[in-house]
Amino acid sequence: MDFPITADGTLSIITRESDAAHVMAEAVQKLFPGTQVTIGPSIENGFYYDFYREKPFTPDDLATIEAEMKKIVEGGKPFTREVWPRAEAIKFFKSKGENFKVELIENLPGSEDIRIYKQGEWLDLCRGPHMPTTKHVGMAFKLTHIAGAYWRGDHKREQLQRIYGTAWRDQKELDNHLQMVAEAEARDHRKLGKEMDLFHLQEEAQGSIFWHPRGFTIYNQIENYIRRKLNGAGYVEVKTPQLMSSKLWEASGHWSKFRENMFVVPDVVPNTAEGEKIFKEEPKNFMALKPMNCPAHIQIFKQGLKSYRDLPLRMAEFGCCHRNEAHGALLGLMRVRQMTQDDAHIFCTPDQIASEAEAFCKLLYSVYEDFGFTDVHIKLATRPDARAGDDATWDRAEGALATALKSQNLEFTYAPGEGAFYGPKLEFHLRDAIGRTWQCGTLQCDFVLPERLDATYIGEDGARHRPVMLHRAILGSLERFIGILIEHYAGRFPLWLSPIQVVIASITEAAEGYANEAAAALRAAGLRVETDTRSEKINYKIREHSLQKIPVIAVVGAKEAEGRTLALRRLGSDAQTLISLDDATRQLSMEAKPHS
RNA sequence: GCCGCUGUAGCUCAGCUGGUAGAGCACAUCAUUCGUAAUGAUGGGGUCGGAGGUUCGAGUCCUCUCAGCGGCACCA
């Protein structure tokens, strides 16, 4: 950096990544003439640059580009900063056929300088700053992958070719980083899900999960845990229909806005004869699999008269929802077409929003703490362009959510324009193994749906009033949350969640009877226990169950049978503790007791 | 949905320029009864995601299609 700082702001000392992006762009333009440059920011652990080129880059091109980059780095060309008049900059980039740069400059606010960074002959429009020379980039970089991306993030605009890379101070740092990426990939929930026999997916039900017995044990533990939490927090639980008439979705507004993502079922009896059309007649009425639970919950709310004394009414459902997600969006457990939300709707008065929002945040954090999540990223998504409701209502709703966060000193960032059409929302994001963040918890403030579906309560004044509806979920969907949980624990679940808590492995046939007896004792205490009495060596059994990430292996041989003891071995340790069967039962069942 | 990559036994993967499929693990059987991360032997198992095409002949080339993966877009 070779200019004084004149404005307030934070300055990232490390500009290596954006330097590397510039070097990459120069290399690409040298190797692939005619390629247009667009933008190339630094990102977490790396950088990317988007190029416009008819022919996409191939994985082989990456090595060629890297080699060219190394030449540029060795050249040690100084980065120099220039400020150009707008018109000249536009003229220059136009003459080079850099249409995207021209568009960028034209869209810069009039007051802003057109800053150009040069590295020898090559130059780029850039805010900067940069290090003194290209040599400062160093050799510890690597281009990691290629992807498509839209110009300006707009799917109606040109598709660009994005090249991602990562750059570090020295080879050791780079190796470290690559090593960490490899380790993170080993925690991938899809890989562990297969290895640990938790669930699977297949073509015939793409985007929907086949839960295996072990995976479903985890699922049930979590559902039961949330149920206890909700009971303790004053919720009531309901169950609503899977299929409902399109009329209800029309009334709620979802039919017009989200129909293309709904699974619609014609309300017609199909033909069964071979060779005939499936439907005799063009269907007139349609049903839809519910993509969300709120309209159904309002139907329950509307049964009978509600008084202000009934509010806040917190209605929960483990609601199974279907959304016809775009094919390219599906991803393991993280993005599915059938999901079960830990959903609830709080019907309340406007005065109650703040206290309910606050109580919800507390509840959410107590749940996340039980699972050991500390890295939670909160976003407050505000009014989108296409929305229902007037601005005064939006002001109130956004204010209430912000207040709830501030009152608990929770840090958050604004996501302008990303709210739902009916109201603003809080999003609670968690990270997966490779650092991607996923929305899990949410709290949404809705003044619109109660209006559309005509929910009312009788106020103190004897008149009908509109309740406010708070949509909220803590886990989000069981599927996604379990996906994140698998990666979070790297498959090593705490005892209360582990599908199999104890494996009793016998050393010889003579111990088989005692192994079964001990298993029965542990099961009677509520533990999930399996026995392994195969005629295999104990080393073999230990290895197998350790790889299966069984938290406790109890070895029994003649000695244990004789003394009615268990030799316990914990996952991740090779220490053995000899303990009486009675004590083990007490101790393990205590430890396996789920949270509440 | 868009761009790119991938798709071979239950799993992980090999199969160069086209000549009618291989390994390890797993599984089955037999032997072994062996104290804390892999006992040995034998055996069964795939037509190479699907459809079509080129060819005397295709896992290997071409077209279409489906799915998965990496991103992008979307996400009530």
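A note on names: the letters A, B, ... follow the listed sequences, proteins ahead of strands, and every chain is numbered from 1.
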| note | Quick note, Gln206(A) side chain, CB onward, closest among G70(B), A67(B), C3(B) is A67(B)
| query | Is it the case that Tyr164(A) and Arg162(A) place a side-chain donor and acceptor less than 3.5 Å from each other? | reply | yes
| message | With the stacking rule set at 5.5 Å and 30°, tell me whether Tyr540(A) counts as stacking on A38(B). | response | no
| query | Mind checking whether His471(A) and His345(A) have parallel, tilted or perpendicular rings, split at 30° and 60°? | reply | perpendicular
| query | Which part of the nucleic acid does Gly332(A) contact within heavy-atom distance under 4.0 Å: base, sugar-phosphate only, or nothing? | reply | sugar-phosphate
| How would you label the contact of Pro56(A) with the nucleic acid (heavy atoms, under 4.0 Å): base, sugar-phosphate, or nothing? | sugar-phosphate
| task | Scan Tyr422(A) against the nucleic acid and name what it touches under 4.0 Å (heavy atoms): base, sugar-phosphate only, or nothing. | result | sugar-phosphate
| request: Verify the distance criterion only: is there a donor paired with an acceptor across the side chains of Ser208(A) and His322(A) at less than 3.5 Å? | output: no
| query | OP1, OP2 of C72(B) versus side-chain N and O of Arg157(A): anything below 4.0 Å? | reply | no
| query | With the threshold set at 4.0 Å, does a side-chain nitrogen-carboxylate oxygen contact exist between Glu356(A) and Arg314(A)? | reply | yes
| field | Nearest-neighbour nucleotide for the Ala420(A) side chain, G35(B), A76(B), C72(B) considered | value | A76(B)
| task | Kindly say if Asn539(A) contacts the phosphate of A37(B), meaning a side-chain N or O under 4.0 Å from OP1 or OP2. | result | yes
| task | Establish, with yes or no, whether the OP1 or OP2 oxygen of A76(B) is under 4.0 angstrom from a side-chain nitrogen or oxygen of Lys425(A). | result | yes
| field | Pair of N/O donor and acceptor under 3.5 Å linking G71(B) base with Gln161(A) side chain | value | no
| Which nucleotide in the set C34(B), C74(B), G71(B) lies at the smallest distance from any side-chain heavy atom of Ser535(A)? | C34(B)
| task | Could you check whether Leu331(A) gets within reach of a base, just the sugar-phosphate, or nothing at all, counting any heavy atom under 4.0 Å? | result | sugar-phosphate
| message | Determine whether a donor-acceptor pair (one donor, one acceptor, N or O, separation below 3.5 Å) exists between the side chain of Arg335(A) and the base of C75(B). | response | yes
| query | With a non-hydrogen cut-off below 4.0 angstrom, is Leu201(A) in contact with a base, only sugar-phosphate, or nothing? | reply | nothing
| task | Determine which nucleotide pairs with G22(B), using a 3.5 Å limit on both distances of a Watson-Crick or G-U wobble pair. | result | C13(B)
| query | Which listed nucleotide (G71(B), A76(B), A37(B)) is nearest to the side chain of Ile542(A)? | reply | A37(B)
| task | Have a look at Lys156(A) and say if it touches a base, only the backbone sugar-phosphate, or nothing, with a 4.0 Å heavy-atom cut-off. | result | nothing
| request: Check whether the side chain of Arg53(A) and the base of C3(B) form a donor-acceptor pair under 3.5 Å. | output: no
| message | Does C69(B) have its OP1 or OP2 closer than 4.0 Å to a side-chain nitrogen or oxygen of Arg190(A)? | response | yes
| said: From the set G35(B), A73(B), A37(B), return the single nucleotide nearest to any side-chain atom of Ala326(A). | reply: A73(B)
| message | Check this one for me: any side-chain N or O of Lys290(A) less than 4.0 Å away from OP1 or OP2 of A76(B)? | response | no
| task | Could you label the plane-to-plane angle of the Phe286(A) and Trp255(A) rings as parallel, tilted or perpendicular, counting under 30° as parallel and over 60° as perpendicular? | result | tilted
